[in-house]
Amino acid sequence: MCLGVPMRVVEIEGDTAVAEITGVTRRISLQLVENVKVGDYVIVHAGFAIQVLDEAEALETIQLLQEFGVQAG
């Protein structure tokens, strides 16, 4: 099963970024989304940001993942 995870972008360098969820960071590609800024939340799947989403939706999804015991990283 594949799962896209909301992550907050903390650093951008060209077409790549560092994104964070619950203290875990990953380098991700931004090649599939436009106009991403530091502080934005994105859905990450297989190392690629595939959608920008608003903070409230991201935090609600992160909370649900935690309630179901899904661990980041």
Side-chain angles (χ1 to χ4, degrees):
M1 178 173 85
C2 299
L3 182 64
V5 177
M7 300 183 80
R8 185 174 58 86
V9 174
V10 295
E11 180 181 321
I12 296 174
E13 185 175 319
D15 287 341
T16 64
V18 175
E20 180 272 337
I21 179 173
T22 62
V24 176
T25 60
R26 293 286 184 262
R27 183 161 297 279
I28 63 170
S29 173
L30 299 176
Q31 293 178 328
L32 302 178
V33 291
E34 295 181 345
N35 302 319
V36 177
K37 301 175 294 298
V38 171
D40 284 348
Y41 282 86
V42 293
I43 295 289
V44 177
H45 176 71
F48 287 86
I50 58 173
Q51 179 183 349
V52 178
L53 68 164
D54 69 46
E55 182 176 357
E57 184 179 6
L59 295 176
E60 181 179 342
T61 302
I62 291 168
Q63 182 178 0
L64 287 171
L65 291 172
Q66 290 174 330
E67 287 175 10
F68 286 111
V70 176
Q71 300 292 317

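Numbers for residues simply follow the sequence, beginning at 1.
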- Message: As an exercise, state the distance from NE2 of His45 to CG of Leu32, rounded to the nearest 0.5 Å.
- Response: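 The CG atom of Leu32 is 10.5 Å from NE2 of His45, to the nearest 0.5 Å.
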- Atom pair CD1/OH of Ile62 and Tyr41 - distance to nearest 0.5 Å: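 It is 5.5 Å, given to the nearest 0.5 Å.
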- Query: Going by side-chain heavy atoms closer than 4.5 Å, which hydrophobic residues are tied to Val10, directly or by a chain of links?
  - Reply: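 Listed partners: Val18.
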I need the minimum non-hydrogen distance between [X] and [Y], along with the two atoms involved.
| X | Y | value |
| --- | --- | --- |
| Asn35 | Asp40 | O-OD2, 3.9 Å |
| Val33 | Ala49 | CG1-O, 3.6 Å |
| Pro6 | Ala58 | CG-O, 3.9 Å |
| Val42 | Val36 | CG1-CG1, 4.2 Å |
| Val24 | Met7 | O-CE, 4.1 Å |
| Ala17 | Val9 | CB-CG1, 4.0 Å |

- Query: What pairs with Glu55 under salt bridge (Lys or Arg N to Asp or Glu O under 4.0 Å), at least two apart in sequence or on another chain?
  - Reply: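 So Glu55 forms no salt bridge (Lys or Arg N to Asp or Glu O under 4.0 Å) with any residue.
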- Message: List the residues meeting side chain to side chain donor-acceptor pair (under 3.5 Å) with Glu13, not counting sequence neighbours, and say none if there are none.
- Response: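 Per chain and number, Glu13 pairs via side chain to side chain donor-acceptor pair (under 3.5 Å) with no residue.
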- Measure from the side-chain N and O atoms of Glu67 to the backbone N and O of Gly69, and report whether any donor-acceptor pair falls under 3.5 Å.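 Between the backbone of Gly69 and the side chain of Glu67 there is no qualifying donor-acceptor contact (under 3.5 Å).
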- Message: Test side chain to side chain contact (heavy atoms under 4.5 Å, CB included) on Thr16 and Ile28; report intermediate values, then the result.
- Response: CA-CA 6 Å; Thr16 64; Ile28 63 170; over 6 Å; no
- Is Leu3 reachable from Ile50 through a run of hydrophobic residues whose side-chain heavy atoms are each under 4.5 Å from the next?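 Yes, same cluster.
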- Item | Contact check, side chains of Gln66 and Thr22, non-hydrogen atoms, under 4.5 Å |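 Gln66 vs Thr22: side chains touch.
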